[in-house]
Enquirer: 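This is the structure I want to talk about, given as structure tokens.
These values consider heavy atoms only, across backbone and side chains, with no hydrogens, waters or symmetry-generated copies.
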Amino acid sequence: MTRLRLNRRRFLATSAAAGTACLGAPLYAQTRELVIISNRGNPDQRAALEALAKEFGTSAGVKVSVNNMDHEAHKTAIRNYLVASPPDINFWFSGERMQGFVERGLFSDITDLVEQNGWADVVPAMGATTVDGRIYGLPTAGLLWGLWYRQDVFDENGWTPPATAEDFFTFGETAKAAGMTPFSIGTKNMWPAAGWFDHMNLRINGLEHHKDLMAGRIAYTDASLMKVMEPWTELVNAGLFLENATSYAWEQAAATLAQKKAAMMDLAGFISYGFPEEDRGQLRFAPFPTYDAGMGRYEDFSVDSIHIPAGAKNPEVAREFLTYFYQPDTLWSYLEPDGNLPARTDIDVSGNHIMSESKKGLVGVDGTSQYYDRDTNPDVAQAGLKGFQEFMARPDRAERILADIERARARVYGAL
């Protein structure tokens with residue numbers, strides 16, 4: 001299939017030429033419009049989007065309106081505006097939060113646009129905006145989870161990151177012998193424990209199983225889930241995690257890594273906020289260890305996304321904008337102020353140390369999932385977050401905890 005090989009400069013030149021050709025055209029051809037709704041909380045990123053929109057509008061002969069909404073207010077407003085008064089472009093979340101709108105027919109299918117541009121070749125997370133084989137949005141950037149550590153600590157001790165399930169225990173004993181907690185975690189906020197569950201399930205049961213579980217198609221009482229909880233129980237019982245983890249928020253847990261009291265921590269790039277700025281250059285990323293050598297490499301990468309609502313008044317202009325916006329340098333100019341990892345692997349992030357480290361975990365992956373509470377129904381997610389928090393303190397309750405989560409799943413998705 002022929003692919004459009006556009007860069008930002010070539011796109012703008014083409015658009016400008018098209019605009020010149022339209023000077024003698026009817027009035028309606030000169031008054032094309034595009035309405036964008038965004039939910040960006042970072043003022044620098046909002047300014048970047050407005051500058052890009054203006055650049056596109058000037059070159060393509062389009063009147064562009066950018067309406068930015070408060071992040072939390074947007075979560076409610078989108079349920080109304082997609083039905084009553086949809087824009088031409090809107091920003092949202094991928095995964096379960098997107099799928100509900102797709103099932104209601106509120107987002108446009110852009111599979112052909114993705115195929116024409118070959119975007120899936122450089123976006124491992126395209127599955128996050130795919131439903132039943134069709135693509136309904138473009139992943140922009142997100143948070144890639146993995147094991148973070150201090151390079152200076154590892155250099156001083158001659159350590160290498162654990163790569164297999166067996167390495168968990170050998171590394172753990174070595175770290176404890178050095179007077180350090182092997183793996184820091186703070187479960188006061190509940191969600192960090194679910195990050196461990198995601199990784200364990202992806203490594204042991206694989207991506208399709210994980211997606212089916214998140215979609216309510218597998219019971220939490222299924223035997224496959226104990227295949228996750230049993231090895232996880234062994235890690236907890238081996239004393240590899242921070243003691244009294246429920247007393248620590250994630251920032252406090254990250255501080256133990258910064259203070260060289262803990263060796264590693266499973267988190268995304270925002271771990272850097274728990275470090276003094278002068279120490280952030282020591283942070284390094286390692287993928288979560290392998291449990292099954294024959295299993296593909298799947299990672300937790302929670303991505304935001306951009307969409308064309310099904311009711312857009314100017315869908316063709318919206319497709320032009322996506323083609324422009326999703327070019328590597330254009331997308332990067334929008335993403336750089338916010339600091340999240342670009343979903344495109346062909347974007348040069350070498351100027352940002354944390355992004356560069358995170359990108360090591362994204363290149364070459366076989367597929368990605370969202371973070372736990374972004375991939376399943378909110379009621380099920382709440383039961384899971386609470387359950388995994390309890391598990392980290394009382395792993396002997398694993399079967400009962402899974403049964404509790406299963407009751408929530410059955411209420412939402414029905415009996416299996």
Enquirer: Name the orientation class of the two ring planes belonging to Phe288 and His199 (parallel below 30°, tilted from 30 to 60°, perpendicular beyond 60°).
Expert: parallel
Enquirer: If the plane angle is over 60° it's perpendicular, under 30° parallel, otherwise tilted; pick one for Phe391 and Trp232.
Expert: tilted
Enquirer: Which atom names give the shortest non-hydrogen contact between Phe321 and Ala53, and what distance separates them?
Expert: CE1-CA, 4.4 Å
Enquirer: Say whether Ser108 and His307, considering side chains only, have a donor N or O and an acceptor N or O under 3.5 Å apart.
Expert: no
Enquirer: Using a distance-only test with no angle check, is there a side-chain donor-acceptor pair under 3.5 angstrom linking Thr164 and Thr290?
Expert: no
Enquirer: With heavy-atom distances below 4.5 Å as the criterion, would you say the side chains of Tyr298 and Thr368 are in contact?
Expert: no
Enquirer: Keeping Asp304 on the side-chain end and Ala141 on the backbone end, is there a donor-acceptor pair under 3.5 Å?
Expert: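 Such a contact is absent between Asp304 side chain and Ala141 backbone.
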Enquirer: Look only at the side chain of Thr376 and the backbone of Asp373, and say whether a donor-acceptor pair between them is shorter than 3.5 Å.
Expert: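 Checking the backbone N and O of Asp373 against the side chain of Thr376, no donor-acceptor pair under 3.5 Å is found.
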Enquirer: Do we see a donor-acceptor contact under 3.5 Å between the side chains of Glu33 and Ser65?
Expert: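 Judged by distance alone, the side chains do not pair up.
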Enquirer: Show every ring-ring contact (aromatic ring centres under 6.0 Å, His included) that has at least one partner inside residues 110-134, sequence neighbours left out.
Expert: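 As it turns out, the ring-ring contact (aromatic ring centres under 6.0 Å, His included) pairs with a partner in residues 110-134, which skip direct neighbours, are Trp119-Tyr326.
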Enquirer: Can you tell me if OH on Tyr273 sees more than 12 non-hydrogen neighbours from other groups inside 6.0 Å?
Expert: no
Enquirer: Between Asp112 and Arg319, does any side-chain N to carboxylate O distance fall below 4.0 Å?
Expert: yes
Enquirer: Who passes ring-ring contact (aromatic ring centres under 6.0 Å, His included) against Tyr136, sequence neighbours left out?
Expert: none
Enquirer: Does a donor on one side chain sit under 3.5 Å from an acceptor on the other, for Asp300 and Ser369?
Expert: yes
